[in-house]
Structure formats: C-alpha cells, structure tokens
There are 2 protein chains.
Amino acid sequence: MSVPRRPRLEDVAALAGVSRALVSIVIRDAPGASAATRERVRRAADQLGYRPDTRARMLSRSRTRLLGVVFGVQHAFHGDLVDGLYAAASGAGYDLALSAVTPRRDEDDAVAGLLQDRCEAMILLGPRTPAAQLAQLTARLPVVVLARHVRDRAVDVVRTDDAAGLHLAVGHLASLGHRRIAHIDGGRAAGAAERRRGYREAMRHHGLAAHEQIVGGGLTEDDGAAAAADLLHGQPPTAVTVFNDRCATGVLHTLRAGGLDIPGDISIVGFDDSRLAQLSHVDLTTVAQDVDRLATLAVGRAVARLDGKPVDRRELVVPPRLVVRTTTTEAQPGAPTTSRTLL
Amino acid sequence: MSVPRRPRLEDVAALAGVSRALVSIVIRDAPGASAATRERVRRAADQLGYRPDTRARMLSRSRTRLLGVVFGVQHAFHGDLVDGLYAAASGAGYDLALSAVTPRRDEDDAVAGLLQDRCEAMILLGPRTPAAQLAQLTARLPVVVLARHVRDRAVDVVRTDDAAGLHLAVGHLASLGHRRIAHIDGGRAAGAAERRRGYREAMRHHGLAAHEQIVGGGLTEDDGAAAAADLLHGQPPTAVTVFNDRCATGVLHTLRAGGLDIPGDISIVGFDDSRLAQLSHVDLTTVAQDVDRLATLAVGRAVARLDGKPVDRRELVVPPRLVVRTTTTEAQPGAPTTSRTLL
DNA sequence: TTGAAAGCGCTAACAA
DNA sequence: TTGTTAGCGCTTTCAA
C-alpha cells in the first residue's frame, strides 16, 4: 500500500487550476489574489489537507521565526516561564524551540542544540553561563537573559527586581514584629547576589542590622533542607527569607519534620511564587515574580533586536509583589530562642 | 558594520578549491573523497567556521532526523524521562524536538507544534489523548506512547509494568506486617488503572482482600493532600500505596502537618522514583521506573518504525524495582485505629 | 576521485 | 490579478 505523499504547493495549484505562486500568496495571506481565487485555492488546500512545509519556508524566507529557549527541566519556576513564553511568542508570530538543561545535558549542550536549529534569537532562563561567554554568544545572535542579573553591557536582561523582592519580604516580616530575620541564600545561583543584597539593605532600613544572618542555601529543596538544619544549630531566628520557593519548601518541611510549628515558631517567605508555593500543603508566603510580564518583555526584546529596533534600556526590571499565604505570622513573644537539634 | 554572512558550502568549496559536492561529501563523512582532499576541505571549513544548515539539509534529504517529544513541563518525572530521551536519541543519531504541555498549552497544541516541525516520529509522555485519536495520529507518523497503557493495537507502547509495581509495593508493606493497606489512585491519569488493578491483585494475593481500600487521588501534590484528608475521615490504614511520587509527597506532608508520624503511624509508598522522591526531606520509599531503559526502548522503537523494521511486540513492558527509603516501617501494634480530624 | 546539474518545497521579485 | 522565474543551502545521482 503506497503512502499518499504529503501534498505540496504544486498539488494544490493543480487542483485549483492556478499557479504555485498564487497558492503561496493565498496560503500566506499575502496581498495579490482575488477573493474568488482565494476561495478556490483554500478549498483545494483543505481538500488535500495541505500543510506548508516549515523547513522549505524557513529556507526560502531565510528566516525561521524561531526563538530558542534554554530552561531547566527540573525547575518548576522555569516551567511557569515556559508557559508564559509560549503565549508571548505566539502573540508575536514566533515559535519556540525548547532546549532543556538536564542532569546529563548542560547549558552549553542546550545552547549548541539551539544554534543548530537556526533559531533567530535565544532566551536563556536563569543561565549559569559566565557573562563573558554570554557576551560572546550575543555576537552570533540576539540573546536575552531572563531572570538573572548580568553586568556585561553586551547582554540584554529581563528580570525581576530581586532586591526589591527582599525588601517586600523583610518589610512584611518586620511589620509582623519579627526582628531576628535570617536569609537563606542561593549561593551562586541566578539572582542570589541581588536578593542577598536586598536582604541586607532591608534589614538596615528597618534598623535590624544587628540581626542580619545569612545562611548558605542553594536553589534546590535539598539545599533548603540542609540550610534549615544549619540554621537551628545556632540561635534560631523567628523568621527566614529564602532564596526561592524550592529551597523554601525544603526548609519548611525540614523544620516541620523537626517538630517546629510553621509559622508559629518560625515564619518563612519564599521567592518566585512558582506552582510549588501554591500547593495546598505548602501554601507559602512568597515574593511573586510576574511571569507573564517577564515572558512578554523577553520575547518583545528578542523581537526588537531582530527587527533592528533601537533599544533604550538594556536591562528591563519588573517589580515583584508579595503574596501572603500561611507560612508567616506575627512574631510570638515566646518564640524559641534556644537551639534545638533537628533531624 | 556589515554582518559577515554565515559561510555556505560554496564558500568552503571556493576556499578549498574544490566543488560543492566534494565539500558535502567530506562534511557528511560520506565515501568518495581522498584523504588529502578531506583534509583540505576540513581545514577550509574550520577556518570559515562553517556549520551546515540543518534546514537545507532536512529539505534535500527529505528527512529531519528529529524525534518529537511531548512532555508535561510541570511533571518532575517527565523531566527525568526527557533526560534519558536526549541520551538515547543522540545515541541513535537523532535530535529531539521538545514540545511542552503547560497550563495554557494542551496536548493537542503540543502535538500540532511537533507536526509542524516535521519530526519523523513522536514520543508522547503519559499522554491523556484518547486512544482513538492516538491511533489516528499513528496514520501520519510513528507514535510511541511512553508510560501509559493503550489497548488500541495501532499504537506502540513502552511502559513500566505498573501492576507489578504495585505488587512490589503491597508485598513490601505486607512483609512489614501491614494489613490495612490503602491505595490512593491516580484517577484517569496514565497508568492509574493498571496500578489500581495491581493493588487489588496484590491485596488478594496476600489474603488482604477484606482490607482493600481505594481512595480517589490524582497526579498532583494537591490531589495527594486532598486524599490524605479523606483517608483519615474513616478508619485510617497503617499503610498506603500512592499513584505517584508527586501525589505521595502531598500525602506525606499533609499527614505530617496533621501531626501523624511517618512512617511510625502510617507507611507510604510512592511510584516513579522521580527526583522528588529522592529529596532528603521526602526520602520516599517508592516503586522505581527504569528511566533509561524506558527512554532507550522508546527511541529504539521509534527508530525501528522509521527504518521499517518488523516489530514483534507492540508493547514493551519494563519491570519496576522497589526502592526502600524512610517512609515505610513495620506495622506498629498500637497504630492508630480511630479516626482523627486533620487540617 | 571529481564536477555538473537536478531537485527538496517554498518565497518573492518581476513580467505579463 | 496572475504566472514565470530565480533562488534559499544542501544532497545526490550521473558523467567525466
């Protein structure tokens, strides 16, 4: 049984009794065909189930209308961003080429794959790639770094105002009467330095400089779990701001497993407002990043570069917003001040 | 400043002083060129930084060597599978085209996107698409369903022996002395029916038919949290097998939040052995799916179909394996038998 | 071993 | 409004 070959432009033309060019015009909704012809061509195309060949189109247009996206497949927040990026890209008439960073596929692999796909621009989610290398990549195609601060002037950045986010978090806790507020940081992760700085500034701003306490964390749940244990070896704070939701989740569950009441004994604030924070058994007070806005700006910036439009500010900073859920409450007079051994 | 156009085959040919065809041969490592020529062409290509244009190549070869993958961007286990698929595909000389299912992008969208990318075959991770529709898709290109049972004879399937997995789980619990073992199921999720069946069979096999208790769950953490609450409205079991790790995590944390000791009061067994189960603060006893084997088989099957090789068994079933961690322990004589109100 | 030439399926400039 | 004609960059016969 012979497989019916996929219909080509030519087949449609033949059926409709017109030239290939005409069909191309109709298919692309380009001007230059009468309504009657359009109708006839459309009908023929439908009848044949014609679908234009993207590759041939890309080749002749010498454009792919493809935006490459590098994301961490294990990172819940990246999943949220990808959702936003799909929406933003299709709004701008582009498609997304996804390239995942996995345990066995690093960022360089992911970027290389995208380069091969001939995407026109690249959007990197919280990349760990050094700034110099990113700048180098920018020489090949427009690159937008999403959710990470990059000092290098050559790289476009769209990110949340991380420092402001920590001002919100600390302010919230301070207004609840907390004074001993610790910060579990993200180490060298994207955004970590900014959030650390925001925490310090905010603590000083609230006259709590003496209570500053930064605990080494990271971006995974396990990092949070380890940090939670660390935290409680000394004099435990009454509240903690955590680098991100994943890490905060680790902190939350570890403290609870250790017998502490959250938020009774310790209040916790996360960062991202990823789906993780919204789970009913987590229900984390957190600093929300405006995913749709970040995604829209990132796509917009990539497209602007492709269109050669002038760009005023290289870095676009989106304000965060505090989402209060159930992991924060007023400081308890009798909060634990002695260290306890957990786990 | 003019952008230096990407070098083409022709540029390399000119520099090396040979014809385009020769360059093509050398680049593809095809036979038909002397060692000397090869060397000369290679040097020229390197000097120009030549990279073949994938699209043009796809077009003329009328092959893309692209395997489409539909996955859930929020699903940790899918992330694990994607990692395995990248490895397996590159081993087979194929590339992956990722298409994500997100809150605003359903499976149909994801499949449509891949169809447009002209991938040669498709691998769907735990799809919800009805069997009939999958069968229809198979008429267009080879489709491999990964991690879901499909009765329709037209669809290739690679999956874990879900029922056997529940035999392992129940057997483990039974050997620890548990009798009242409940199952929190996955509803209509991929694999749920098989796991439910496996649970029932295993309970009977161990003479525990009288203790069968199936609680409606789902595949997310929130589903698990809700089920945990339900579970305890009646007479709580001493152990539960849960549809998957995500759901089990919700169960675990909800029970703990309610004051129960896990595994002291209730033992919990998950399914998948996704990264979630391996987190230190979760450390879930679970039924592990052999991710690399599943991925390798799925890619192998897709490639076999593309090569037109005969395929003996339409469905490839991989045995699971039990991973005992810290959420299961021996049944306690004094385990709670009265209902408690949680949350 | 090498080169010429004909596509792959589509777009776009130009003529009619 | 329509059709003709070159490409887009590569692969792949078929001759030389």
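In what follows, every heavy atom counts, from backbone to side chain, and hydrogens, waters and symmetry copies are set aside. A note on names: the letters A, B, ... follow the listed sequences, proteins ahead of strands, and every chain is numbered from 1.
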message: Run the side-chain hydrogen bond (donor to acceptor under 3.5 Å, both in side chains) test against D29(A) and tell me which residues pass, sequence neighbours left out.
response: R42(A)
message: I'd like to check the side-chain contact (heavy atoms from CB on, under 4.5 Å) partners of A92(A); sequence neighbours left out, ordered by chain and number.
response: Y94(A), V299(A), V303(A)
- request: Take the protein atom CZ of R118(B) and the nucleotide atom C1' of dC8(C), then report the distance between them rounded to whole Å.
  value: 12 Å
field: Residues which pass salt bridge (charged side-chain N to carboxylate O under 4.0 Å, His left out) with E107(B), listed by chain and number, not counting sequence neighbours
entry: none
field: R104(B): partners by salt bridge (charged side-chain N to carboxylate O under 4.0 Å, His left out), with sequence neighbours left out
entry: D83(A), D292(A)
message: Quick check on contacts: within residues 23-36 of chain A, what sits under 4.0 Å from DNA chain C by heavy-atom distance?
response: S24(A), R28(A)
field: Contacts of type ring pair (Phe, Tyr, Trp, His ring centres under 6.0 Å), residue H75(B), not counting sequence neighbours
entry: H78(B)
field: Close residues, residues 43-50 of chain A, relative to DNA chain D [heavy-atom separation under 4.0 Å]
entry: none
- line: When rounded to the nearest 0.5 Å, the distance separating CE of M58(A) from OG1 of T54(B) is 10.5 Å
- line: On DNA chain C, more 5' by nearest nucleotide between R51(A) and A21(B) is A21(B)
task: State plainly whether the residues D11(B) and R8(B) are in salt-bridge range, i.e. N to O under 4.0 Å.
output: yes
message: Return the OG to CZ distance between S62(A) and R57(A), rounded to the nearest 0.5 Å.
response: 13.5 Å
- prompt: Can you name the residues that form a salt bridge (charged side-chain N to carboxylate O under 4.0 Å, His left out) with R105(B), not counting sequence neighbours?
  reply: none
- prompt: So do the side chains of M122(B) and L137(B) get within less than 4.5 Å of each other, counting heavy atoms only?
  reply: yes
- request: Starting from P on dT13(D), measure out to CG on L22(B) and report it in whole angstrom.
  value: 16 Å
side-chain hydrogen bond (donor to acceptor under 3.5 Å, both in side chains) involving R301(B) - partner list, sequence neighbours excluded: D156(B)
- prompt: Any side-chain heavy atom of V150(A) within less than 4.5 Å of one from L134(A)?
  reply: yes
message: Between P on dG7(C) and CG on L9(A), what's the gap in Å once rounded to a whole number?
response: 17 Å
- request: Calculate the interatomic distance between R38(B) atom CZ and dT1(C) atom P; express it in whole Å.
  value: 8 Å
statement: Terminal axes of the helix from dT1(C)-dA16(D) to dA16(C)-dT1(D) (5 end pairs apiece), angle rounded to 10 degrees, sit apart by 40°
statement: Side-chain contact check for R8(A): nearest option of dA6(D), dC10(D), dC8(C) is dC8(C)
message: Applying salt bridge (Lys or Arg N to Asp or Glu O under 4.0 Å) as the test, list every pair that has at least one member in residues 118-142 of chain B; sequence neighbours left out.
response: D53(A)-R118(B), R63(B)-E120(B)
message: Tell me the interatomic distance from D11(A), atom CG, to dC8(C), atom C1', rounded to whole angstroms.
response: 14 Å
- request: For DNA chain D, determine which residues of residues 52-68 of chain A have any heavy atom closer than 4.0 angstrom to one of its atoms, and list them numerically.
  value: L59(A), S60(A)
- prompt: Quick one: is dT4(D) close enough that its OP1 or OP2 comes under 4.0 Å of any side-chain N or O from S19(A)?
  reply: no
